[in-house]
Peer 1: 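Quick one: the structure is below, questions incoming.
Hydrogens, waters and symmetry mates are skipped; everything else that's a heavy atom, side chains included, is used. Just follow the structure's listing: the first ligand is 1, and inside any ligand the first atom is 1. Everything quoted here is computed from the prediction, not taken from an experiment.
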Amino acid sequence: MNTYTGVIDRYKKYLPVTSNTPVVSLCEGDTPLIYSPEISKDLGSNFKVYLKYEGLNPTGSFKDRGMTVAISKAKEERAAAVICASTGNTSASAAAYSARGSLKCVVVIPEGAIALGKLAQALVHKARVVAIRGNFDDAFTIVRKIASDYGLVLVNSINPYRIEGQKTASFEICDFLGDAPHFHFLPVGNAGNITAYWKGYKEYYSYKKITRLPKMCGFQAQGAAPIVKGKPVKKPKTIATAIKIGNPASWKQALTAKRESKGLIEAVSDNQIISAYKFLAGREGVFVEPASAASVAGLFKLKRNGFFDKVGKKEVVIVCTLTGHGLKDPQVAIKNIKSPPVVEADEKAVLKAAGI
Ligand code: F0G
């Protein structure tokens with residue numbers, strides 16, 4: 001029998017929980033690290049590229065790893081309610097874990113700017129969803145203020161328990177590979193996840209569970225790339241709504257991860273994101289949401305720019321985090337792929353249209 005019951009149970013000795021913590025879990029984590037033959041081949045015979053498919057978490061994104069810890073601790077502290085601002089996935093996760101833990105959940109989102117699947121999740125899990133005429137950064141400013149003025153627990157990634165939970169993704173990768181990868185690629189929005197991964201790798205290194213640390217390579221969308229530009233972006237724009245953020249909360253920590261790991265934070269265009277998104281779905285069979293494809297878009301970009309030319313023949317292990325499931329955002333999928341032909345209900349017509 002499989003006795004897996006989530007990241008708190010598996011990694012509790014590395015997490016800020018005690019026997020008094022009422023664990024609220026939906027069996028998050030334990031996501032597959034999928035070998036990518038196509039991308040590996042494209043980079044060269046000495047490259048091994050793996051995809052950490054976080055879309056397979058219970059609510060379809062990596063947020064569940066952090067939310068299980070944040071909601072369990074909120075319950076332990078007898079919080080009246082939790083609150084978050086979100087580009088969609090945080091709200092979906094907060095709503096589901098709050099439902100599971102019988103906590104009230106308030107969600108503030110930018111109107112018309114979150115993917116349909118994510119909105120459905122927050123609503124169906126009975127969060128109190130409020131849309132504002134403003135962007136994510138405006139929503140975040142409001143929830144920070146409400147949390148501090150009215151004593152609600154903020155479950156955005158500035159909540160340290162979120163980071164603690166999310167660092168377990170690094171642990172899983174190292175446990176699977178037997179060491180850290182040489183490079184870790186991931187999308188960057190509010191910059192909590194790059195902060196969490198780096199914390200996880202450093203902790204495993206300090207416990208001597210791994211012999212090296214990866215270079216952290218973060219990617220923002222070109223129209224929402226404040227860290228790359230070195231200043232906040234007032235009106236962020238990108239098809240990747242999950243990372244449409246102009247003033248990331250964990251900006252400083254992201255720069256620390258970049259500096260300490262000798263990594264980089266760069267931007268990828270919407271075209272590069274969509275092209276990586278189609279590649280993952282069409283060539284690897286892995287359906288992700290657009291923001292998630294920023295990691296692979298970044299890898300392709302660096303390859304094209306000759307970033308790996310100096311590596312020589314030694315083995316290079318790369319992990320790309322795919323942060324959320326493709327089904328979250330069916331509208332972008334439909335818009336970017338040709339619609340199917342419609343024919344008469346006739347066998348021959350079907351065969352002809354299918355090209356068989
Ligand atoms: N990918 C997806 C699918 C996301 O939902 C997010 C963030 C990121 C990447 C970036 O992660 O913020 O830790 O740098 N989504 C947040 C939300 C902001 O509200 O759901 P980050």
Peer 1: State, without any angle test, whether Glu289 and Asn89 hold a side-chain donor-acceptor pair at a distance under 3.5 Å.
Peer 2: yes
Peer 1: Identify the protein heavy atom lying closest to atom 4 (C) of ligand 1, giving its residue, its atom name and the separation to 0.1 Å.
Peer 2: Ala242 CB, 3.5 Å
Peer 1: In terms of side-chain geometry, is the basic nitrogen of Lys63 or Glu54 positioned less than 4.0 Å from the acidic oxygen of its partner?
Peer 2: no
Peer 1: Taking the side chain as C-beta and beyond, is there a heavy-atom pair between Val155 and Ile71 under 4.5 Å?
Peer 2: yes
Peer 1: Of all the non-hydrogen atoms in the protein, which one sits nearest to atom 5 (O) of ligand 1, and at what distance?
Peer 2: Asn89 ND2, 2.8 Å
Peer 1: Please list, in number order, the atoms of ligand 1 under 4.0 Å from a heavy atom of Thr90.
Peer 2: 16 (C), 17 (C), 19 (O), 20 (O)
Peer 1: Answer yes or no: is there a side-chain heavy-atom contact under 4.5 Å between Phe183 and Phe47?
Peer 2: no
Peer 1: Looking at Tyr201 versus Tyr205, is the centre-to-centre ring distance below 6.0 Å?
Peer 2: no
Peer 1: Give the numbers and elements of all ligand 1 atoms closer than 4.0 Å to a heavy atom of Asn190.
Peer 2: 12 (O), 14 (O), 21 (P)
Peer 1: Taking 4.0 angstrom as the limit and counting only heavy atoms of Gly192, give me the atoms of ligand 1 inside it, by number and element.
Peer 2: 13 (O), 14 (O), 21 (P)
Peer 1: So which protein heavy atom does atom 8 (C) of ligand 1 come closest to, and at what separation?
Peer 2: Ile243 CG2, 3.6 Å
Peer 1: Validate the cation-pi geometry between Lys209 and Tyr204: distance from NZ or CZ to the six-membered ring centre under 6.0 Å, angle to the ring axis within 45°.
Peer 2: yes
Peer 1: Please state whether Ser61 comes within less than 4.0 angstrom of ligand 1, counting heavy atoms only.
Peer 2: no
Peer 1: Would you call the rings of His184 and Tyr197 parallel, tilted or perpendicular, where under 30° means parallel and over 60° means perpendicular?
Peer 2: tilted
Peer 1: How does Lys63 reach ligand 1, if at all, at less than 4.0 Å between non-hydrogen atoms: by side chain, backbone, both, or neither?
Peer 2: side chain
Peer 1: Could you tell me which atoms of ligand 1, counted from 1 in the order shown, lie closer than 4.0 angstrom to a heavy atom of Val188?
Peer 2: 14 (O)
Peer 1: Quick one: look at Asn156 and ligand 1, take heavy-atom pairs under 4.0 Å, and tell me if it's side chain, backbone, both or neither.
Peer 2: neither
Peer 1: Please list, in number order, the atoms of ligand 1 under 4.0 Å from a heavy atom of Ile245.
Peer 2: 18 (C)
Peer 1: Using a 4.0 Å cut-off to any heavy atom of Ser86, which atoms of ligand 1 qualify?
Peer 2: 17 (C), 19 (O), 20 (O)
Peer 1: Nearest protein heavy atom to atom 13 (O) of ligand 1, by residue and atom, and its distance?
Peer 2: Asn193 N, 2.8 Å
Peer 1: So if I count the atoms of ligand 1 from 1 in the order they appear, which ones are less than 4.0 Å from some heavy atom of Glu289?
Peer 2: 3 (C)
Peer 1: Check the orientation of Phe287 and His325. Use parallel for under 30°, tilted for 30 to 60°, and perpendicular for over 60°.
Peer 2: perpendicular
Peer 1: Do the rings of Tyr11 and Tyr14 sit parallel, tilted or perpendicular, given the 30° and 60° boundaries?
Peer 2: tilted
Peer 1: Check ligand 1 against Thr323 and write out every atom of the ligand that is under 4.0 Å from a heavy-atom position of the residue.
Peer 2: 1 (N), 2 (C), 3 (C), 9 (C)
